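Data first, discussion second: the structure below is written as structure tokens.
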Amino acid sequence: VEEQNDDRKLLPLDAERIVSFRDKGHRYTFYFSRLTQQDWENYFQGIVSSSHYENRQQVNLTDTTSAGIDLVHRRVINATGYANDFTARDGWQTKIPPKHANAASVLLRLVGLSNSNHEDAIDPERIEVRLDAAWGIKAEGEMESFEGLSHFFRPVSAEQQKRYYRATSESRLVGGSRNGKTIYAAKSPLLLKLYDELIVETAGYSFAGSRLTTGDAIQQMDGLHKVIAVSALFVGDGGLDDTE
Amino acid sequence: MTLMVSRDADGIQAAAVELMEEGLMRPESVGQDRKLSPGYYARVIYLIWLQRSLEAGAKLELMADEVDGIAALASAKAEFGQEHPACGNCGQPQYTRFARKCHECGAEFRRQT
């Protein structure tokens with residue numbers, strides 16, 4: 001599908017998810033059923049973020065590996081590159097070598113804020129966040145990349161800001177208030193809701209062969225893209241250029 | 001044992017006092033000697049943001065643990081003020097309540113008899 005205004009290829013949200021990588025001279029390709037918002041919610045729930053002290057220094061840990069491997073085990077439908085008809089065996093999904101399952105999960109999650117420049121000045125009432133992502137493959141062992149995927153948001157209200165900051169401050173302690181470990185509450189369920197409340201328009205995506213419409217953005221947008229995009233409204237310096 | 005930070009008003013008050021005392025420390029010492037688990041400080045920072053937003057006129061609905069948390073901040077401020085009274089001349093909190101001279105502006109303090 002080609003975009004009307006430029007030659008950029010649109011990211012097909014409904015296409016089969018394929019990731020591919022090389023290991024020791026061999027190419028391995030994994031095929032997934034479409035990752036739904038529920039799949040991503042399960043993934044986010046499996047992430048554990050914690051803080052504790054070691055030698056008076058605060059140590060922050062976020063474990064995404066277990067949740068990522070679990071996502072692969074649940075949703076992979078085929079894999080090529082393995083010897084001896086591996087995928088014909090019962091329960092082959094959970095027998096994938098952990099380093100390969102981890103590599104596949106990392107490739108499924110290759111999305112981040114874009115460094116590309118904006119042609120136009122920003123409109124504060126229609127805040128644009130751009131993402132770059134890998135999605136699908138060009139050839140076995142080579143992921144396809146998409147740049148400048150745009151998400152336009154309406155301004156964040158004080159109430160939405162409060163919900164976000166409250167979520168970042170929610171935690172529970174295991175092992176006592178002084179030497180215990182702080183386990184932070186997952187923010188992602190809230191971020192998915194905030195995305196749906198704030199999204200105005202997207203660009204760079206397609207669904208069912210057509211450009212993604214505003215209504216479809218809520219229903220069809222990838223859950224991970226939602227979380228990464230809406231997070232940018234709340235955290236960091238927004239990638240400000242150096243002041244002159 | 002699992003404890004919700006947002007429901008531990010005493011811990012929030014203690015963390016708030018520590019953060020205020022860090023304001024009197026050299027920058028390199030900040031955060032080096034914290035006594036409570038990290039979640040308390042994150043909660044205090046949220047409550048300070050919430051309190052400032054309310055003072056600025058934002059109409060925000062508060063939950064019970066937030067009301068308790070803001071009350072804990074007020075108690076922390078009073079506790080900090082007792083241990084670190086502000087200079088009557090420049091307003092700077094002092095390192096101790098026994099200071100005889102302001103470390104910021106040099107104003108001398110008279111002892112109350």
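Numbered from 1 within each chain, the chains take letters A, B, ... in sequence-line order. Model, not experiment: these values are computed from the prediction.
If you measure heavy-atom distances from A/Tyr165 to chain B, the contacts under 4.5 Å come from both the backbone and the side chain. At a 4.5 Å heavy-atom cutoff, the contact between B/Leu36 and chain A is made by backbone and side-chain atoms alike.
Each of B/Gly11, B/Ala42, B/Ser53, B/Gly39 has some count of heavy-atom pairs under 4.5 Å with chain A, and the biggest count is that of B/Gly39. Highest contact tally toward chain B, considering only A/Val174, A/Ile183, A/Leu173, is held by A/Leu173 [criterion: heavy-atom pairs under 4.5 Å]. Ranked by heavy-atom pairs under 4.5 Å with chain A, the list B/Ser37, B/Ala14, B/Ala15, B/Ser6 is led by B/Ser37.
Under the 6.0 Å distance and 45° angle rule, B/Arg34 counts as a cation-pi partner of B/Tyr41.
Screening A/Gln220, A/Arg211, A/His225 for a side chain to side chain donor-acceptor pair (under 3.5 Å) involving A/Tyr205 leaves a single residue, A/His225.
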Exercise. Decide yes or no on side-chain hydrogen bond (donor to acceptor under 3.5 Å, both in side chains) for B/Tyr40 and B/Asp8, but give the supporting numbers first.
Key: CA-CA 9 Å; B/Tyr40 285 97; B/Asp8 181 8; 2.4 Å; yes

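By the 4.0 Å N-to-carboxylate-O rule, A/Lys99 lies close enough to A/Asp23 to be salt-bridged with it. Residues A/Asp39 and A/Arg17 are not paired through a salt bridge, judged by the lack of any N-O separation under 4.0 Å between the basic side chain and the carboxylate.
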